[in-house]
Asker: 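Below is the structure I would like to discuss, written out as structure tokens.
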Amino acid sequence: MLFPRAVLPSLLHLTPAWLRARGLKGVILDLDNTLLPYGEEDPPPPYRAWLEDLKAEVPIYLLSNALPERFARVQGRLGLPGHAPALKPWLGFRKALRALGLPAREVAVVGDQVFTDVLGGNLVGAYTVLVPPLREKEFFYTRFIRMLETPFRKPWGGSA
């Protein structure tokens, strides 16, 4: 339950071709430290371009534990469906799957944390993808949790 199906060196490696090769037709995407550096509200330019290219090809749903006011501002800028706080890993994923209108096996859940993104995605049967955090600056609690996640930051059964 804690191992991702794939580990990518960067979110930018998740391309429409990569998704198609695995039979994936939609993406549930984490926000903080996955698409946005922690504490910011705009993706870095390469990530913004990546997002525009990806959303032209596959549906994307933002799923975040962020505060609702901040999430609403970011969501408005990005023009994507989503919700927060999602209360990951336990809640939020089924609502995201319903919004995408796809079965879990056809959806990639992409995030930077094992105990929220990967666990939650695996619990609903999605294809989980772990990416490194964009920034080391984050809550003390998150830094502590990352130490506990270390043994699980590799794909289950081998390579991506």
Side-chain angles (χ1 to χ4, degrees), residues 1-15 18-19 22 24 26-44 46-48 50-55 58-100 102 104 106-139 141-146 148-150 152-155 160:
M1 280 285 120
L2 294 176
F3 287 96
R5 291 280 303 273
V7 176
L8 297 178
S10 162
L11 182 61
L12 303 177
H13 286 81
L14 187 103
T15 64
W18 190 93
L19 292 166
R22 289 153 182 82
L24 301 169
V27 174
I28 296 173
L29 183 62
D30 176 51
L31 200 58
D32 287 311
N33 256 344
T34 298
L35 180 61
L36 305 174
Y38 173 76
E40 295 187 20
E41 295 191 3
D42 289 307
Y47 286 77
R48 174 61 102 155
W50 167 87
L51 183 63
E52 294 303 318
D53 290 345
L54 188 68
K55 77 179 184 180
V58 298
I60 301 170
Y61 190 93
L62 296 175
L63 192 63
S64 175
N65 285 342
L67 295 174
E69 300 82 21
R70 178 174 169 275
F71 181 81
R73 287 191 306 271
V74 172
Q75 182 185 25
R77 285 186 182 121
L78 300 178
L80 291 169
H83 74 275
L87 305 175
K88 296 184 286 183
W90 311 113
L91 301 174
F93 290 95
R94 293 197 191 287
K95 181 177 179 179
L97 289 169
R98 282 193 303 274
L100 288 171
L102 294 167
E106 294 179 359
V107 175
V109 170
V110 185
D112 67 300
Q113 292 188 54
V114 171
F115 295 145
T116 56
D117 307 308
V118 172
L119 177 58
N122 283 340
L123 285 170
V124 297
Y127 190 106
T128 52
V129 181
L130 187 67
V131 296
L134 285 176
R135 179 179 284 167
E136 288 189 27
K137 177 190 169 197
E138 50 198 353
F139 284 125
Y141 172 79
T142 307
R143 285 193 309 267
F144 173 72
I145 293 298
R146 285 201 197 280
L148 299 176
E149 290 180 347
T150 300
F152 306 104
R153 296 189 71 79
K154 58 186 176 201

Asker: Run the salt-bridge test on E52 and R48 with the 4.0 Å N-O cut-off and return the result as yes or no.
Answerer: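 The answer is yes: the pair qualifies as a salt bridge.
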Asker: Taking C-beta and beyond as the side chain, do V124 and V107 meet within less than 4.5 Å on heavy atoms?
Answerer: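 Not in contact.
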Asker: Minimum heavy-atom separation for L63 to G92, with atom names?
Answerer: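 Smallest heavy-atom distance, with atoms named: CD1-O, 3.7 Å.
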Asker: What closest approach, in Å, do L19 and V58 show between heavy atoms, and which atom pair accounts for it?
Answerer: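 L19 and V58 have their closest heavy atoms at CD1-CG2, 4.1 Å.
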Asker: Strictly distance-based, threshold 3.5 Å: is any side-chain N or O of T128 a donor or acceptor partner for the main-chain N or O of R5?
Answerer: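 Such a contact is found between T128 side chain and R5 backbone.
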Asker: In Å and rounded to the nearest 0.5 Å, what is the CG to CG distance from L102 to L97?
Answerer: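 CG of L97 is found 8.0 Å from CG of L102.
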Asker: More than 12 foreign heavy atoms under 6.0 Å from NZ of K55: is that the case here?
Answerer: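 More than 12 within 6.0 Å, yes.
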Asker: Should V114 and F3 count as side-chain neighbours, where that means a heavy-atom distance under 4.5 Å?
Answerer: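 No. Closest side-chain heavy atoms not under 4.5 Å.
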Asker: Are the side chains of L11 and L35 in contact, using a 4.5 Å heavy-atom criterion?
Answerer: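 When only atoms from C-beta onward are counted, L11 and L35 do touch, with a gap below 4.5 Å.
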Asker: Can a donor-acceptor pair be found, under 3.5 Å and without considering hydrogens, that links the side chain of N65 to the backbone of P85?
Answerer: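 Judged by distance alone, no pair lies under 3.5 Å.
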Asker: Could you tell me the separation between the CG atom of L130 and the CG atom of D112, rounded to the nearest 0.5 Å?
Answerer: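 Answer for the CG-CG pair, L130 versus D112, is 7.5 Å.
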Asker: What closest approach, in Å, do F93 and T116 show between heavy atoms, and which atom pair accounts for it?
Answerer: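 What the structure gives for the nearest pair is CZ-O, 3.9 Å.
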Asker: From L2 CG over to N122 CG, what is the distance, rounded to the nearest 0.5 angstrom?
Answerer: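 Interatomic distance, L2 CG to N122 CG, rounded to 0.5 Å: 8.0 Å.
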Asker: Counting C-beta onward and ignoring hydrogens, is there a side-chain heavy-atom pair between L36 and Y47 closer than 4.5 Å?
Answerer: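 A side-chain contact is absent here, since even the closest heavy-atom pair is not under 4.5 Å.
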Asker: Would a 4.5 Å heavy-atom cut-off, applied to side chains only, mark V129 and R22 as touching?
Answerer: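 No, every pair of side-chain atoms sits at 4.5 Å or beyond.
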Asker: If you measure from CZ on R70 to OG on S64, what distance do you get to the nearest 0.5 Å?
Answerer: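 R70 atom CZ to S64 atom OG measures 7.0 Å (nearest 0.5 Å).
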Asker: So which atom in K88 and which in D117 form the shortest heavy-atom distance, rounded to 0.1 Å?
Answerer: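 The pair with the smallest heavy-atom distance is NZ-OD1, 2.7 Å.
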Asker: Write down the atom of L8, the atom of H13, and the distance for their closest heavy-atom approach.
Answerer: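 Scanning both residues completely, I find the closest heavy atoms to be CD1-C, 4.1 Å.
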Asker: Show the nearest heavy-atom pair for residues G111 and D30, with the distance to one decimal.
Answerer: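 In this case the closest contact between G111 and D30 is CA-CB, 3.8 Å.
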Asker: With a 4.5 Å heavy-atom cut-off, do L14 and V27 have their side chains touching?
Answerer: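 With C-beta onward as the side chain, the pair touches.
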Asker: Hey, are the side chains of S10 and P132 touching, using non-hydrogen atoms and a 4.5 Å cut-off?
Answerer: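 No; the side chains remain at least 4.5 Å from each other.
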Asker: Are the side chain of Q75 and the backbone of L80 linked by a donor-acceptor contact shorter than 3.5 Å?
Answerer: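 Judged by distance alone, yes, a pair lies under 3.5 Å.
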Asker: When the ring centroid of F71 is compared with that of H83, is the distance short of 6.0 Å?
Answerer: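 For F71 and H83, the ring centres are not under 6.0 Å apart.
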Asker: Between atom CZ of R73 and atom CG of L67, what is the distance when rounded to the nearest 0.5 Å?
Answerer: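 Reported to 0.5 Å precision, the distance equals 9.0 Å.
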Asker: Kindly compute the distance separating CG (L29) from CG (L54), expressed to the nearest 0.5 Å.
Answerer: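 CG of L54 is found 8.0 Å from CG of L29.
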Asker: Would you say P43 and L134 make side-chain contact, with heavy atoms under 4.5 Å?
Answerer: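 Side chain of P43 against side chain of L134, heavy atoms only: no contact under 4.5 Å found.
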